[in-house]
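Working notes for the structure below.
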Amino acid sequence: MADPFISVAERLAPAFAAVAGGACDPVVRPSDRADGQANGALALAKKLGLQPREVAQQVLDAAGDVSDMLASTEIAGPGFINLVFSNTFIAEQLSEATHNPRLGVRASSDPHTVVVDYSAPNVAKEMHVGHLRSSVIGDALVRALMFVGHTVVRENHIGDWGTPFGMLIEHLIDMGEDNAANELGVGDLDGFYKAARRKFEESDEFKGRARARVVMLQGGDEDTLRLWRTLVSESTRYFNQVYRQLDVLLTDDDLMGESAYNPMLAPVVERLREAKLLEESDGADVVFVEGFTNRDNEPLPLIIRKGDGGYNYATSDLACVIDRVERIGARSLLYVVGAPQAQHLQMVEAVARKAGWLPEGYIMNHVSFGSVLGADRKMLKSRSGGETVKLNALLDEAVERAEISVAEKNPDMSAADRTAVATMVGIGAVKYSDLSSDRVKDYIFDWDRMLSFEGNTAPYLQYAHARICSIFRRAGIDRAAIRDVVPTLVEVQERDLALRILRFDSAVWEMIDTLGPHKLCTYLFDLATDFTSFYEHCPVLKADNDAMRDSRLALCDATARIMSEGLLLLGIRAPEQM
RNA sequence: GCCCUCGUAGCUCAGUCGGAUAGAGCAACGGACUUCUAAUCCGCAGGUCGCAGGUUCGAUUCCUGCCGAGGGCGCCA
C-alpha cells in the first residue's frame, strides 16, 4: 500500500538491477504522455555503453509479466519507458486506501521523538506576522509528523528573560500592577512595551532602576520574580487567545521559555570548558567555529558568556540542544525560525556537534522562512518598528471578510452557521496563504487573493469538500457504507481523480521530507481541481445506473476524506457546507 | 569586503534528486447555469525559466562568473 508510482518503481527496480548488475533507480516520474515514465534506462545505457532503447527493452524483458499493475509499457523517444496503470489496479489500490487508517499514507519506517520549536513570541510584545508564519508552519509540521507515527514534542520558546525585563518590570511598577495587568490583559502589549522603551531611552533615573531590576531578577529576588510572573502570565494569556483563534495546537503545556533554561546555562559553560572548546576572547568566553568569519575576515566566535559574565541566546540555545537530546530523548530538532537566524543556528549546531551533544544521526534542522510582504513588496511589519500589524486584529479581519463573502454567496444560511463557516474559511484562508508557497521565499499578503474561491486557496479546497458533503446530505447516504464499493473507472475524470487520491501518500511524505507544507497544499489543490472536473462531467446521484452511482459515491467519499484529512494536517478545518 | 537566500507568463505562484512540447490561478478574450451548491467548468491566449559561459546525448534544474532584490557578519534576542 503506497502511492502507485512508488509501487511501480519497486516493481521495476529488480529488473533494472538485473540489467545493471547492481542496484539501479528506475527513476519513475509522472508523465504527460502516460501515467508515468521510467527514465532509468538512459543513465544506465550510458554506464553500460549500450543503446538506451535496447537497455529499456532488456529491463522490460527482465520485468516479465506486470499486467496485474500496468495496462501498458512502451519504449518511447530516446529510451523512456512509458507506464500506464491498469484500471483494476487503481481501483483495488483505492479500495485498500479507503480502508487504511491513514488513507494510504505510509507510516514512518523510523519513528522517533521530534522536537518542533515554533511560534516563540516575546513576553510583553505584540505577536506579529513573523510569529504567524512560525506558528502556522510549525503547527502543520507537527501534525504531519504525528500523523506518520513520530512522537512530537512542541516547544514554544518564548522570550521571557533577559535585559528588557528590567525596564518592563519598572514600568509595571510605575503603572501600578492592576492597571498594567489590565492593559496587558486586553492585549495592548505593544503600547506597554513602547512606553517602557521610551522611558528607558529618555530617563537616566529610569534606566538606572531598570538595570538594578535586572540584577534583582537574575538574583532571584522574590518580589521581582512575582512581578515578572505577572508579565509572563498576562502575555501568555494573550498568546493563548491568538493560538485558539488561529487554531494551532500550542497550549501552556508547550511553553518552554528562555527562563526555563537558566539552571542549565552554567553547566553549558562548564561542559564546554571540560571539552577544551572554550576560549577567552576580549573578556568573553567563546567557542570559535571554523568557516565563520567577521567583517574583517577574522575567525568569528560563538559567544557563550559575555564579558560582563552574563549569558546570551547562544548559551540558552545550546542548553536547549542538550535538554532536548538528553532529557526529552529527541533525535530530531526542528527550529521554525525566520531566515535571519540562519547563521546563528548553524554556529549553535556546529558547537553542539563539536561538543558531542548532537551525536551522529541526530538532526538539527532550521526550518527557515521568508518575510510577509505588503502589496508594496515591503515587510508588512518592519523590525525597526514601523506600524505593527496586530495578529488578533488581522485574524478578526479575516473572519469578517469571510463572513461577508459567505453571506453574499449563501444568504439562506443561519447566522450561527454562517459565523462558524466564516471562522473556518477566514482563518483557513490566512493559514493556507502562508503555507501554500515555498516557505523560504517571501510572500505577499493579499486579502482578495487568499479569500478568493478560485485558484490555489483554502476556500476553493473547502468548497470542493463542502460540495461532496452536500451530495451525501442530499441523498441521505451513509458515508461509511459506501466505502466497501470498489469503484469502476470509465470516464477519464474518474480515473484521474482515483489516481490523484492515491498520491496522497507521496504528498504527505514530500511535505515531511522537505519540511515544506506547500507540497501538500499543491497536492490538495490538484485534488480539488481533479474533483471539480469530475463533478462537472460525471453526474453522481443522477448516474445512469446504481452501480455507477455507488462507484462515483465511493470516489466522492474518498476525495472528501482526503481533502478533510489533508487540510487538517495543515491545521485547517473543512466545513460540511458553505 | 565576506557569507546565505531568492530571481520562472502582465500579476501571484508551482515545477527543478538533469529528461520528451516549462505548468496553474488571477487579469484579458470566447463559451457553458430549469445546477448533485455556476463559490464552478470548458476553451483561447500569454515565456530569451535574471545575464553569460561550462559540464553532456540532453540544463529552468548541476558548476563558475556577473547583474538585481533581501538578509547576516562578536558580547540584543
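Every chain is numbered from 1 and lettered A, B, ... according to where its sequence line falls, protein lines coming before strand lines.
For A/Y523 and B/rA24, the OH to P distance is 19 Å, given to the nearest whole Å. A/E454 places its CD atom 13 Å from the C1' atom of B/rA24, with the value rounded to the nearest Å.
Here A/T532 does not reach the OP1 or OP2 of B/rU40: none of its side-chain N or O atoms lies under 4.0 Å away.
Toward the 5' end of RNA chain B, the nearer of the two residues A/L300 and A/G36, judged by each one's closest nucleotide, is A/G36. In this structure, A/Q577 and A/Y311 both approach RNA chain B, and ranking their closest nucleotides by distance from the 5' end singles out A/Q577.
Under the salt bridge (charged side-chain N to carboxylate O under 4.0 Å, His left out) criterion, the residue pairs touching residues 286-314 of chain A are A/E290-A/K354, with sequence neighbours excluded.
A search for ring-ring contact (aromatic ring centres under 6.0 Å, His included) contacts involving A/H465 returns nothing, not counting sequence neighbours. In this structure A/N365 satisfies the side chain to side chain donor-acceptor pair (under 3.5 Å) test with no other residue, sequence neighbours excluded. Residues satisfying the ring-ring contact (aromatic ring centres under 6.0 Å, His included) test with A/H518, not counting sequence neighbours, are none. Applying the ring-ring contact (aromatic ring centres under 6.0 Å, His included) rule to A/F534 yields the partners A/F531; only residues at least two apart in sequence or on another chain are considered. Scored by the side chain to side chain donor-acceptor pair (under 3.5 Å) test, A/T315 finds A/N312 as partners (sequence neighbours excluded). A/H344 pairs by the ring-ring contact (aromatic ring centres under 6.0 Å, His included) definition with A/Y313, not counting sequence neighbours.
Across all strands shown, A/E408 has no heavy atoms under 4.0 Å from either base or sugar-phosphate atoms. Using a 4.0 Å heavy-atom cutoff across all strands shown, A/Q346 reaches no nucleic acid atom at all. The residue A/R295 sits close to a base: some heavy atom pair falls under 4.0 Å. Nucleic acid contact for A/V27: none, since no nucleic acid atom lies under 4.0 Å from a heavy atom of the residue. Using a 4.0 Å heavy-atom distance criterion, A/N122 is classed as making no nucleic acid contact.
Side-chain proximity of A/D32 to the nucleotides B/rU40, B/rG74, B/rG23 is greatest for B/rG23. Among the nucleotides B/rC75, B/rA77, B/rC42, the one closest to any side-chain atom of A/Q341 is B/rA77.
Look at the C1' atom in both B/rC66 and B/rG19: the space between them is 29 Å, to the nearest Å. Between B/rG25 and B/rA45, the two P atoms lie 14 Å apart (nearest whole Å). When the C1' atom is compared between B/rG58 and B/rG7, the two are found 24 Å apart, to the nearest whole Å.
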Legend entry - Dot-bracket notation for RNA chain B, counting Watson-Crick and G-U pairs under 3.5 Å, with | for partners on another strand: (((((((..((((.....[...))))..((((.......))))......(((((..]....))))))))))))....
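Ionic pairing of A/R500 and A/D526 is present here: one or more N-O contacts between side-chain nitrogen and carboxylate oxygen are shorter than 4.0 angstrom.
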Legend entry - Under 4.0 Å protein heavy-atom contact, by nucleotide of nucleotides 7-14 of chain B - B base, S sugar-phosphate only: S----SSS
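Under a cutoff of 6.0 Å and an axis angle of 45°, A/R439 and A/F369 do not form a cation-pi pair.
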